[in-house]
Amino acid sequence: MEESKQLFKQVIENRWLANCSFILFLNKTDLFQEKVTKSDFKNYYPEFEGDSGNHEEVGKYIERMFLQQDQKKKQFFPHFICAVDKDNAARVFESTKTKIIEAKLDGMF
């Protein structure tokens with residue numbers, strides 16, 4: 001997780017991407033939900049104050065950890081996704097496309 005956060009930070013701080021918005025896909029939610037029920041998240045992140053068995057609480061905490069890497073407060077579109085679930089993937093990609101179009105339209109007016 002720490003390596004992923006560091007890589008994410010390097011990408012969002014890249015000078016060539018200074019004016020970009022970002023889509024954060026947190027993939028493999030099926031495996032994540034299974035893992036949360038089998039191990040105590042607080043063993044890895046003792047500062048987590050939520051319910052270690054609740055995948056939604058843990059997921060939101062992980063999302064915040066990634067978004068806290070951004071010091072310049074860029075625009076992010078975080079999504080939890082299970083790429084093997086075609087319906088979920090299609091909904092997430094459609095939602096992402098809509099948000100990007102809306103953001104571009106807002107910038108035009």
Side-chain angles (χ1 to χ4, degrees):
M1 178 88 70
E2 295 304 312
E3 288 177 16
S4 295
K5 287 180 359 189
Q6 288 175 351
L7 178 60
F8 181 73
K9 185 173 184 164
Q10 288 175 354
V11 170
I12 64 174
E13 289 180 349
N14 184 300
R15 65 185 171 114
W16 300 104
L17 303 174
N19 298 318
C20 293
S21 298
F22 291 89
I23 302 168
L24 173 62
F25 289 111
L26 298 163
N27 192 21
K28 299 188 179 185
T29 55
D30 54 335
L31 299 176
F32 172 70
Q33 290 173 5
E34 183 180 321
K35 185 131 183 146
V36 164
T37 62
K38 293 182 179 178
S39 62
D40 188 355
F41 187 71
K42 291 179 184 177
N43 288 339
Y44 305 98
Y45 292 93
E47 65 277 7
F48 175 68
E49 295 177 353
D51 177 1
S52 289
N54 183 319
H55 71 275
E56 289 180 5
E57 286 186 39
V58 174
K60 285 296 182 187
Y61 182 80
I62 291 171
E63 177 184 316
R64 280 192 307 274
M65 283 195 309
F66 276 91
L67 298 182
Q68 287 172 350
Q69 302 303 306
D70 175 35
Q71 302 300 314
K72 297 182 180 169
K73 304 301 176 204
K74 297 181 179 189
Q75 187 172 24
F76 287 92
F77 303 101
H79 291 281
F80 291 89
I81 186 169
C82 177
V84 296
D85 179 349
K86 292 181 182 177
D87 292 334
N88 173 263
R91 279 191 311 275
V92 167
F93 284 115
E94 187 61 34
S95 170
T96 301
K97 182 174 74 173
T98 300
K99 287 181 180 180
I100 291 169
I101 291 170
E102 288 172 354
K104 289 295 181 188
L105 290 174
D106 283 345
M108 295 176 82
F109 299 104

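- In this structure, OG in Ser52 is found 12.5 Å from OH in Tyr45, a value given to the nearest 0.5 Å.
- The side-chain heavy atoms of Ile101 and Lys97, taken from C-beta on, include a pair separated by under 4.5 Å.
- Taking the six-membered ring for Trp and the full ring otherwise, the centers of Phe41 and Phe32 sit at least 6.0 Å from each other.
- Side-chain contact between Val11 and Glu13: absent, with no pair of heavy atoms (C-beta onward) separated by less than 4.5 Å.
- The CG atom of Leu7 lies 10.5 Å from the CD1 atom of Ile12; values are rounded to the nearest 0.5 Å.
- Of all non-hydrogen atoms in Cys82 and Thr29, the two that sit nearest each other are CB-OG1, 3.4 Å.
- Dense packing is recorded around CD of Glu2, with more than 12 heavy atoms of other residues, nucleotides or ligands lying under 6.0 Å away.
- The stretch residues 37-59 participates, sequence neighbours left out, in these salt bridge (charged side-chain N to carboxylate O under 4.0 Å, His left out) pairs: Glu34-Lys38.
- Within the 4.5 Å cutoff, the side chain of Asp70 has no heavy atoms near those of the Phe22 side chain.
- To the nearest 0.5 angstrom, Met65 atom CE is 12.0 Å from Phe8 atom CZ.
- Follow the hydrophobic side-chain contacts under 4.5 Å out from Val36 and you reach Met1 in the same cluster.
- Leu26 and Val84 end up in different hydrophobic clusters when Ile, Leu, Val, Met, Phe, Trp and Tyr side chains are linked at under 4.5 Å.
- Minimum interatomic distance between Phe80 and Lys60 (heavy atoms only, all atoms of both residues): CZ-N, 4.2 Å.
- Surrounding NZ of Lys5 are more than 12 heavy atoms belonging to other residues, nucleotides or ligands, all under 6.0 Å away.
- Phe93 places a side-chain heavy atom less than 4.5 Å from the side chain of Ile81.
- Residues meeting the side chain to side chain contact (heavy atoms under 4.5 Å, CB included) test with Asn14, sequence neighbours left out: Trp16, Leu17.
- The pair Arg91-Glu94 does not meet the salt-bridge criterion, since no charged nitrogen lies less than 4.0 angstrom from a carboxylate oxygen.
- Annotation: the span from Gln33 atom CD to His55 atom NE2 amounts to 3.5 Å, rounded to 0.5 Å.
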